[in-house]
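Below is one structure; the comments refer to it alone.
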2 protein chains.
Amino acid sequence: MRYHRIPDETVRRLPVYLRCLMVSANQGERYISSRSLADSVGVNSWQIRKDFSYFGDFGTRGVGYDIGRLAREIKKILRLDVIRRAVLVGVGDLDSALLAYPGFGVYGLDIVAAFDIDPKKIGKTMNNGVTIEDFARIDTVKERDISLAIIAVPRAAAQPAVDKLAAAGIKGILNFAPCKVSVPKRVKVITLDIAMELARLPYYIPRAGRQDDS
Amino acid sequence: MRYHRIPDETVRRLPVYLRCLMVSANQGERYISSRSLADSVGVNSWQIRKDFSYFGDFGTRGVGYDIGRLAREIKKILRLDVIRRAVLVGVGDLDSALLAYPGFGVYGLDIVAAFDIDPKKIGKTMNNGVTIEDFARIDTVKERDISLAIIAVPRAAAQPAVDKLAAAGIKGILNFAPCKVSVPKRVKVITLDIAMELARLPYYIPRAGRQDDS
DNA sequence: GGATGTGAACTCTTTCACAGCG
DNA sequence: CGCTGTGAAAGAGTTCACATCC
């Protein structure tokens, strides 16, 4: 399969596999079968084999996958094998949560700068030791080898912020603002909209009536 | 089309359409065409028409969609037209952010209780006036007409917490814990895993080389 | 035997083209 | 004439069945 276009859905699943592999590795395991990996992450075993088959033959028939090797391969595929410097834009409640989040480091993310427009925040230092700078100077990230941005600003501020980030050479953006943003093709945006996820939850909940267990 | 199974992808897009409609309504607009709605949310106009066609004929040919009516219809489809009482499980940094999040109320969510296992937190009152209770008493939600839960607990605590929530009659869970959780079929879980989104961002960022704008 | 890797069938989703209506 | 609504075609992604290899 090696020479096909990779489905986006496969790329979405790879980080999930990776996390599971890291957990298994921590428990001292050496090999894992597609079946047991599948059970852990909640997909089918053939889905897992198909996903890996897009990238190469990582397994050993009759044995399974070498956990350490597979984890390294996935990291390489996802380009998580290099540390990337990131900037936080909009320092609020969400950012405290983000900074407290264990696992950004695991995925090669190093938050080295933070910006805000609020004069009350500028100059303050965050939990991780980074001092908040004035967003007016966002263009300085260009000289600081920062390629990723996490933005958590109000809706109206999102598009202008993204425009400035794109101009400053940022290549990837994780957007927590509740709206679509437009960027040049060379910039990748992933929007994570909490309210949108929440809003579709009731759809799956029957108003009343019989229920059966699983 | 009315009598088909609804694609999950359509359900995922409906909240996005709804938000856009609410913004347009606030600006005093009365009608919107599939084309202009499409431009606002970043999909194609035929995608929008197809999505709506699963539920009925909401538009007027030659004119477009009545914004108020369409918003009401979508709310009804998503079952956002009733207030749902929700409980927060695990009160940490993320929860402060969640409580500050404008827009839970917009989608009919009312956070009426909070639980934690940390004795230092139990008894304290959150920003929204809700007092944090001992998670050991989570079963009391059964008598309090609470149908949704938002859980933001460490990975190891997630499955036990979810089991207790399911036993307490919770019907829908928004899971921020970084892992898969198993539930009875009658319970719907939506997992929102920030690290998993972040981990796939570098995949789309070329290591180096030529770039073209859009 | 036991597990992987993969073409082929199948299912789900998007796109198209245009009929139908206001 | 403009814009919606929809069957049909095309495209993506998943599932299956089994050949293949350790």
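Quick caveat: nothing in here was measured; it's all calculated off a predicted structure. Order of the sequence lines fixes the chain letters, A, B, ..., with proteins taken first and strands second; residue numbering starts at 1 for each chain.
- Rounded to whole angstrom, the span from the CZ atom of A:Arg49 across to the P atom of D:dA19 amounts to 15 Å.
- Looking at B:Ser34 and B:Arg49, their side chains do bring a donor and an acceptor atom within 3.5 Å of each other.
- For the pair A:Lys50 NZ and D:dT14 P, the interatomic distance rounds to 11 Å; values are reported in whole Å.
- Using a 4.0 Å cut-off between charged nitrogen and carboxylate oxygen, B:Arg72 and B:Asp81 do not count as a salt-bridge pair.
- Using a 4.0 Å heavy-atom criterion, one finds that A:Phe52 contacts no nucleic acid atom at all.
- In this entry the distance linking CZ of A:Phe55 with P of C:dT4 reads 17 Å, nearest Å.
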Report task. Walk me through it: do A:Tyr65 and A:Leu37 pass the test side-chain contact (heavy atoms from CB on, under 4.5 Å)? Result -> CA-CA 10 Å; A:Tyr65 299 91; A:Leu37 180 55; 5.7 Å; no

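- Partners of A:Arg79 according to the salt bridge (Lys or Arg N to Asp or Glu O under 4.0 Å) rule, which considers only residues two or more places apart in sequence or in another chain, do not exist here.
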Requested in this report: Report the C-alpha separation of B:Phe135 and B:Val91 in whole Å, then their side-chain angles, then the decisive distance to 0.1 Å, and conclude whether the side-chain contact (heavy atoms from CB on, under 4.5 Å) test is met.
Outcome: CA-CA 11 Å; B:Phe135 186 70; B:Val91 181; over 6 Å; no

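- In this structure, B:Asp163 has no salt bridge (Lys or Arg N to Asp or Glu O under 4.0 Å) partners at least two apart in sequence or on a different chain.
- Rounded to an integer number of Å, the gap from A:Ile6 CD1 to C:dT6 P is 12 Å.
- Atom CG in B:Asp57 sits roughly 10 Å away from atom P in C:dG22 (whole-Å rounding).
- Under the 3.5 Å distance criterion, with hydrogens and angles disregarded, a donor-acceptor pair is assigned to the side chains of B:Tyr204 and A:Asp8.
- For DNA chain C, the residues of residues 9-19 of chain B within the heavy-atom distance limit of 4.0 Å (strictly under) are B:Glu9, B:Arg13, sorted by number.
- Heavy-atom nearest nucleotides on DNA chain D were determined for B:Phe58 and for A:Val63, and the one closer to the 5' end corresponds to B:Phe58.
- Heavy-atom contacts from other residues, nucleotides or ligands closer than 6.0 Å to CZ of B:Arg30 number 12 or fewer.
- Using a 4.5 Å heavy-atom threshold, the side chains of A:Val16 and B:Met196 count as touching.
- Rounded to an integer number of Å, the gap from A:Tyr54 OH to C:dG7 P is 11 Å.
- Contact of B:Arg61 with C:dG20 (side chain to base): a donor-acceptor pair of N or O atoms is detected under 3.5 Å.
- By the 4.0 Å N-to-carboxylate-O rule, A:Asp51 lies close enough to A:Arg13 to be salt-bridged with it.
- With sequence neighbours excluded, no residue forms a salt bridge (Lys or Arg N to Asp or Glu O under 4.0 Å) with A:Asp110.
- At least one side-chain nitrogen or oxygen of B:Tyr65 sits closer than 4.0 Å to the OP1 or OP2 atom of D:dG5.
- Within a heavy-atom distance below 4.0 Å of DNA chain C, the residues of residues 22-48 of chain B found are B:Asn44, B:Trp46, B:Gln47.
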Are any protein N/O atoms closer than 3.5 Å to N/O atoms in nucleotides 9-12 of chain D? If there are, list each pair with its distance.
none

